[in-house]
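Quick note: residue numbers are just sequence positions, from 1.
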Amino acid sequence: MAAGFEVSRNLLDARAGEAARDLLRVLSRAEQLARWLADRPEQDGVDPLVADFGYTEDEAYLLRSTFTDLHALATAQSSLLARARKLTGLEP
């Protein structure tokens, strides 16, 4: 017998469910931030992230482009996310 955890179906199910739940949680938070950023667009060529929060133009671009891409990823992968929800045990 090896030291450490014994790999079993229960352990695999638990780890798969945890990973799926973590992915869904992270994408949900990313979606919230993407919506928040989208609700604060540039006005007259001025990004509110720069004017109101003190980000540089490059930092504001990095934030906006990252969360735009995460939103696109979540939207494009709806069937993957549906399967991930099933792994959490909370959906049939």
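- Rounding to the nearest 0.5 Å places CG of Leu73 at 6.0 Å from CG of Leu27.
- The pair Asp13-Arg9 meets the salt-bridge criterion, since a charged nitrogen lies less than 4.0 angstrom from a carboxylate oxygen.
- Of all heavy-atom pairs spanning Phe67 and Ala30, the tightest one is CD2-O, 3.7 Å.
- The two residues Ala84 and Ala20 make their nearest non-hydrogen contact at O-CB, 3.4 Å.
- A distance of 6.0 Å separates CD in Glu31 from CZ in Arg35, rounded to the nearest 0.5 Å.
- Here the closest heavy-atom approach between residue Ala74 and residue Leu81 is recorded as O-CD1, 3.5 Å.
- No continuous path of hydrophobic side-chain contacts links Val50 to Tyr61 [ILVMFWY only; heavy atoms under 4.5 Å].
- Atom CG of Leu87 sits about 10.5 Å away from atom CG of Leu23, to the nearest 0.5 Å.
- Between Thr68 and His71 the shortest side-chain heavy-atom distance does not fall below 4.5 Å.
- Residue Pro41 comes nearest to Pro48 through the heavy atom pair O-CD, 3.3 Å, listed as atom of the first residue, atom of the second, then distance.
- Across all their heavy atoms, Arg85 and Leu24 have their closest contact at CG-CD1, 3.4 Å.
- Salt-bridge formation is detected for the pair Asp47/Arg64: a Lys NZ or Arg NE/NH1/NH2 atom is positioned less than 4.0 Å from an Asp or Glu carboxylate oxygen.
- Nearest heavy atoms, Val46 versus Ala51: CG1-CB, 3.7 Å.
- Hydrophobic clustering of Ile, Leu, Val, Met, Phe, Trp and Tyr side chains at less than 4.5 Å, counting indirect connections, keeps Val26 apart from Leu62.
- Panel note: side chain Arg40, backbone Trp36; a donor-acceptor pair is recorded below 3.5 Å.
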